[in-house]
Amino acid sequence: MIDVARIREDFPILKRKVNNQPLVYFDNAATSQTPTCVIDAIVDYYARYNANIHRGVHALSQEATDAYEQARQKIQKHFNALHPHEIIFTSGTTNAINIVAAGYQALLVPGDELLVSAMEHHSNIVPWQMLCEKTGAKLKVIPMLPDGTLDLAAYKSLLTPNTRLVFVNHVSNALGTINPIESLIVEAHTVGAKILIDGAQAAPHIETDLQALDVDFYVTSAHKMCGPTGVGILYGKTDLLNALPPYQGGGEMIATVSFEKTTYADLPHKFEAGTPNIAGGIAFGAAIDYIHSIGLNHIAAYEQELLHYATDQLSQIPGLKIYGQAPHKTAVISFNIGEIHPYDIGTILDKMGIAVRTGQHCTQPIMDYYQIPGTVRASFSFYNTKEEIDRLVAAVKKAQMMLE
Ligand SMILES: *Cc1c(COP(=O)(O)O)cnc(C)c1O
């Protein structure tokens with residue numbers, strides 16, 4: 001069970017007021033808030049052992065290296081990857097996807113096919129379009145259905161022996177849909193394709209066992225799971241990461257350098273050129289510890305309670321339409337009221353201290369599919385309460401009265 005009053009004490013920002021009202025933070029799908037233990041991990045690094053890693057003989061460098069590598073192991077255990085070296089630190093999900101896309105430039109030929117789902121974040125679309133421009137590979141789209149789920153029959157028929165890569169998010173950031181990635185992965189493998197799962201929205205809510213899933217690549221960002229911004233991971237199976245050329249050249253990623261020939265370092269360093277976000281990596285580890293101290297199963301159960309409560313309450317507002325009615329969803333509610341522009345609702349909610357996101361949520365193809373300019377999106381986390389949802393519902397009713 002979740003003791004939400006106690007948990008809220010861990011998040012200093014939740015004591016803030018916005019426009020003279022206690023903050024209601026419902027923009028968790030854009031970024032989650034940061035508990036004191038994660039903030040402390042960053043402060044502690046800079047205050048006590050700030051040093052560059054993997055290079056110094058001195059004590060501080062050794063301490064920093066140990067803490068950074070321990071964080072990598074925490075992340076490996078959390079996602080149940082086989083080896084720590086399969087966890088590559090990146091600056092986030094976007095960066096992780098670009099590393100894979102850049103690497104495949106050397107591995108694709110014209111006629112190869114890539115499949116992307118219709119409900120991807122732009123960061124899981126654009127790098128693949130750029131890759132296709134460079135290689136002559138073809139990008140095909142797995143369509144979606146009106147309830148916000150993927151058309152699985154269409155997916156099967158799009159898979160061919162020419163399919164090299166498939167890209168799907170574990171959870172849609174705009175709709176909350178939990179995609180059936182277990183079967184998507186199995187299907188991709190039957191034609192010999194590799195599959196990359198964008199886990200940015202799943203990692204804070206769903207337990208993910210990378211080995212059981214047998215997924216090829218999995219990417220996520222720390223800042224969606226109580227960690228800091230500017231750090232994330234690329235997981236890849238060892239043989240696949242070894243087959244990819246490095247992304248950037250520089251320090252840390254080499255074994256030997258001469259003007260005649262340079263050889264690359266082993267994993268994970270091959271993909272970690274330059275000084276990384278050391279404090280961020282360590283704080284990512286602290287965020288994983290924090291989430292474990294509460295338990296992802298408790299988090300998921302409580303967030304489902306919030307989702308159902310908010311769905312019931314909001315659905316009673318006349319003219320309010322929820323986009324994304326998948327049977328399996330995370331606690332994300334995307335909605336519009338009649339013809340009112342989502343931005344206008346968001347602005348009024350902000351005046352009442354309630355933070356939601358409005359617009360396309362970096363998923364323009366989904367908005368085009370529903371033929372809408374965007375939605376109001378309320379996304380909940382385990383530190384939110386039903387009282388806050390009551391405030392949202394009252395504020396939405398007020399906005400509707402003012403705008404209709
Ligand atoms: C947030 C998000 C991204 C992008 O993450 P960054 O941290 O901005 O790189 C990609 N995909 C999904 C599903 C997201 O929610």
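One-based numbering, in listed order, for ligands and for the atoms of each. Quick note: numbers below take in every heavy atom, side chains included, and nothing from hydrogens, waters or symmetry partners.
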Asks: Considering only heavy atoms from C-beta outward, does the side chain of T149 approach that of P327 to under 4.5 Å?
Replies: yes

Asks: If the contact criterion is a heavy-atom separation under 4.0 Å, does H170 count as touching ligand 1?
Replies: no

Asks: Does the pair F11 and Y290 meet the rule for a ring pair (Phe, Tyr, Trp, His ring centres under 6.0 Å), with working shown?
Replies: CA-CA 12 Å; F11 292 84; Y290 179 72; 5.8 Å; yes

Asks: For atom 7 (O) of ligand 1, state which one of A29, S221, S172 supplies the nearest heavy atom.
Replies: S221

Asks: Any idea which part of K224 is under 4.0 Å from ligand 1, heavy-atom wise: side chain, backbone, both or neither?
Replies: side chain

Asks: Should T90 and L234 count as side-chain neighbours, where that means a heavy-atom distance under 4.5 Å?
Replies: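 A side-chain contact under 4.5 Å exists here.
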
Asks: Can you list the atoms of ligand 1 that are under 4.0 Å from a heavy atom of Q201?
Replies: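 In order of number, 13 (C), 14 (C), 15 (O).
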
Asks: Checking side-chain contact (heavy atoms from CB on, under 4.5 Å) against L306, which of N384, T311, V4 comes through?
Replies: N384

Asks: Are I354 and V356 packed together at the side-chain level, in the sense that at least one heavy-atom pair is separated by less than 4.5 angstrom?
Replies: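 Answer yes - side chains close enough.
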
Asks: So is S123 close enough to ligand 1, meaning a heavy atom under 4.0 angstrom away?
Replies: yes

Asks: Output the list of atoms in ligand 1 that are nearer than 4.0 Å to some heavy atom of T94, sorted by atom number.
Replies: 4 (C), 6 (P), 8 (O), 9 (O)

Asks: Within the 4.5 Å heavy-atom criterion, are P143 and Y369 side-chain neighbours or not?
Replies: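 No, every pair of side-chain atoms sits at 4.5 Å or beyond.
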
Asks: Numbering the atoms of ligand 1 from 1, which are under 4.0 Å from a heavy atom of D198?
Replies: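 Close to D198: 10 (C), 11 (N), 12 (C), 13 (C).
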
